[in-house]
Amino acid sequence: MVYIILGTGFEEVEAVAPCDVLRRAQIPVQYAGIGGRLVEGAHGITLQADVTVEEMDLESMDMIVLPGGMGGVQSIEGSDVTLRAVKHALDQGKYVAAICAAPTILGKRGWIDGKHVVCYPGMEQELGKAIPHPEKEAVVDGNLITGRAPGAAIEFGLTLAGLLPGSFTPDEVAGYMVYVRR
């Protein structure tokens, strides 16, 4: 199971595009809401989560995805349950994915020290001792996947889809979406 975390002020395209791509690949994914199941994004779009963060089944979790958006990042940082779930995923060797401003959550805690990453341009100083690659759309380093910004959300989603077993490959999904991979 993939859980995409929704905290108030999340960047909508960074939550919706990866979910859409993963579901097109037929990979199980659920939104997990912080503070309830109806969560408003940074631009006034409200999504309904499938579960709350408290209801996530960490034992069935294959991947946890952290969308950016400054409000969403603050929501995640203020949620002990979510931070424990991320730490659990890291400790268990599960995939942890973060896009835009969300890699800073991991950087501030030293969880990505020495890892190759990408984040929203200009936020590299908040990545701790990670190794930034600002020229990349998405970067995979072991069980860590990072994405650059809202404009990279589809590529980020396709990268995630390539790491988990699904019925369709990322290239098949990209072709169906008429998306040209970079």
Determine whether [X] and [Y] make a side-chain contact, defined as any pair of heavy atoms from C-beta on separated by less than 4.5 Å.
X	Y	result
Ser75	Phe10	no
Leu83	Ile105	yes
Lys94	Asn143	no
Ile4	Pro67	yes
Asp57	Met1	no

Looking at [atom1] of [X] and [atom2] of [Y], how far apart are the two atoms once the value is rounded to the nearest 0.5 Å?
X	Y	atom1	atom2	answer
Arg24	Glu172	CZ	CD	13.5 Å
Thr82	His88	OG1	NE2	13.5 Å
Ile27	Leu160	CD1	CG	8.5 Å
Ser79	Ile34	OG	CD1	4.5 Å

Is there a side chain to side chain contact (heavy atoms under 4.5 Å, CB included) between Met70 and Glu11 once you walk through the steps? CA-CA 8 Å; Met70 293 311 293; Glu11 179 61 54; over 6 Å; no
Can you check salt bridge (charged side-chain N to carboxylate O under 4.0 Å, His left out) on Arg181 and Glu137, steps first, answer last? CA-CA 10 Å; Arg181 297 194 78 181; Glu137 296 293 308; over 6 Å; no
Walk me through whether Val51 and Tyr3 qualify under side chain to side chain contact (heavy atoms under 4.5 Å, CB included). CA-CA 9 Å; Val51 297; Tyr3 290 108; 4.1 Å; yes
Run the numbers on Lys136 and Asp141 for salt bridge (charged side-chain N to carboxylate O under 4.0 Å, His left out), then give the verdict. CA-CA 13 Å; Lys136 303 275 187 173; Asp141 188 340; over 6 Å; no
When clusters are formed by joining ILVMFWY residues with side-chain heavy atoms under 4.5 Å apart, either directly or through shared neighbours, do Ile145 and Val117 land in the same one? no
